[in-house]
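For reference, the structure discussed in these notes is given below.
For ligands, and for the atoms within them, numbers begin at 1 and follow the listed sequence. Below, each value reflects all heavy atoms present in this structure, side chains not excepted, and no hydrogens, waters or symmetry copies.
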Amino acid sequence: MRHFLTLMDLTSEELNQVLQRAIELKAMQHRHEVYEPFKNQVLGMIFEKSSTRTRVSFEAGMTQFGGAAIFLSPRDTQLGRGEPIEDSARVLSRMVDIIMIRTFDHADIELFAKHSTVPVINALTDDYHPCQLLADMQTFIEHRGSIKGKTVTWIGDGNNMCQSYMNAAVQFDFHLNIAVPPGFEPDADLLAKCGDHVSLMTSPEEAATQSHLIVTDVWASMGQEEEQAERLRQFKHYQVTEALLDKAADDVLFMHCLPAHRGEEISMTLMDDPRAVVWDEAENRLHAQKALMEFLLNKAQNK
Ligand code: CP
Ligand code: NVA
């Protein structure tokens, strides 16, 4: 039985296998092929933070597989009233076949997974957002082929998305330039573990030079709402614009996990630029997570 709490929980080969399968499942879905390998199986979805894409993609994906999904919010469950995470994990995993969790503290999802008898998927914590990386890598492969050996640039906050890109640099073997304002660096231990795969800088222009993929994210993540004004001030030189993309390779792509704040981390018009592939990226959440669920359910059920 396997969990997916970070990209490091699968081998590079397994990740590539999941992405190839995501591309196949996408083609099947676009042909309106009915494929229901998980009839009567249930996905439990625990959301302690807001979501549009993650909720809809997981729920739609499980429905397309012939199964069902249950949305659980702390407002209505005993988890929100202090029932221990360990007990919730033991109980829920006796009732459902697979569980995804969006929460704050990464240690909480590790604790849940430790006590769960079914696969647990990280649907975003304060530290990582690995499902988004599956979608991003699928999108790059579909547009440009293998990402191995390419240069990828992260601009903005050293947040959960940035740290997932750091894991991706190791697992998919690309080079990641990270440009963050001083004081907003990703975790130092993680940085050390990434070795030559990651370079930390402060200049967005330097980080973008000759890059094949430029990525950014909101400046204030969920849970940092009260820091919004101060962050706007600290990040103002880190906006991704068309002019910044012009410094990159001719075939550069732009991605953003969304939701985006036009006029803050990106220019007002960047998402309309032909180099931006954000809508494909958003769609691929569905296909990549279907491939992930298939992989984890098959492993758990020895198929
Ligand atoms: N990118 C992403 O995870 O979006 P949601 O917050 O809408 O799920
Ligand atoms: N870094 C953002 C990603 C949202 C999908 C957040 O955690 O809010």
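Within the 4.5 Å cutoff, the side chain of Asp273 has no heavy atoms near those of the Phe254 side chain.
Atom CG of Asp250 has 12 or fewer heavy atoms from other residues, nucleotides or ligands within 6.0 Å. Around NE2 of His237, the count of heavy atoms belonging to other residues, nucleotides or ligands within 6.0 Å does not exceed 12. Few gaps surround CG on Asp251; more than 12 heavy atoms of other groups in view lie less than 6.0 Å from it. Within 6.0 Å of the NZ atom in Lys247, the count of heavy atoms belonging to other residues, nucleotides or ligands does not exceed 12. Open room surrounds CZ on Arg75; 12 or fewer heavy atoms of other groups in view lie less than 6.0 Å from it. For Lys303, the NZ atom counts as densely surrounded, since its 6.0 Å shell holds more than 12 non-hydrogen atoms of other residues, nucleotides or ligands.
For atom 4 (O) of ligand 1, the closest non-hydrogen atom on the protein side is Arg53 NE, 2.8 Å. Looking only at heavy atoms of the protein, atom 3 (C) of ligand 2 is closest to Asp217 OD2, 3.6 Å. The protein non-hydrogen atom at the shortest distance from atom 2 (C) of ligand 1 is Arg285 NH1, 3.3 Å. Closest to atom 8 (O) of ligand 2 among all protein heavy atoms lies Met222 N, 2.8 Å. Ranking the protein heavy atoms by distance from atom 6 (O) of ligand 1 puts Arg102 NH1, 2.8 Å first. In terms of protein heavy atoms, atom 7 (O) of ligand 2 is closest to Asn160 ND2, 2.8 Å.
Ring pair Phe235/Trp219 is parallel by interplanar angle, where below 30° counts as parallel and above 60° as perpendicular.
Here's the thing with Ser221: one of its N/O atoms is less than 3.5 angstrom from an N/O atom of ligand 2. Between Arg55 and ligand 1, a contact under 3.5 Å exists for no N or O pair. Of the polar atoms of Lys49, none of the N or O atoms is found under 3.5 Å from an N or O of ligand 2, judged by distance alone.
Listed by atom number, the atoms of ligand 1 under 4.0 Å from Cys257 heavy atoms are 1 (N). Near Thr52, meaning under 4.0 Å from any of its heavy atoms, are these atoms of ligand 1: 5 (P), 7 (O), 8 (O). Residue Leu258 has at least one heavy-atom neighbour below 4.0 Å for each of these atoms of ligand 2: 5 (C). For ligand 2, the atoms closer than 4.0 angstrom to any heavy atom of Asn159 are 1 (N). Taking a cut-off of under 4.0 Å to the non-hydrogen atoms of Gln132, the atoms of ligand 1 that pass are 1 (N), 2 (C).
Between His30 and His287, a ring centre-to-centre spacing shorter than 6.0 Å is recorded.
Ligand 2 lies out of reach of Asp126, whose nearest heavy atom is not under 4.0 Å from it. The shortest heavy-atom distance from Leu258 to ligand 1 is under 4.0 Å.
Residue Leu124 touches ligand 2 through its side chain alone, judged by heavy-atom distances below 4.0 Å.
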**Request:** Show your reasoning for whether salt bridge (charged side-chain N to carboxylate O under 4.0 Å, His left out) applies to Asp187 and Lys193.
**Result:** CA-CA 10 Å; Asp187 180 73; Lys193 279 194 198 126; over 6 Å; no
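Counted by atom type alone, Glu24 and Tyr35 present zero donor-acceptor pairs between their side chains at under 3.5 Å.
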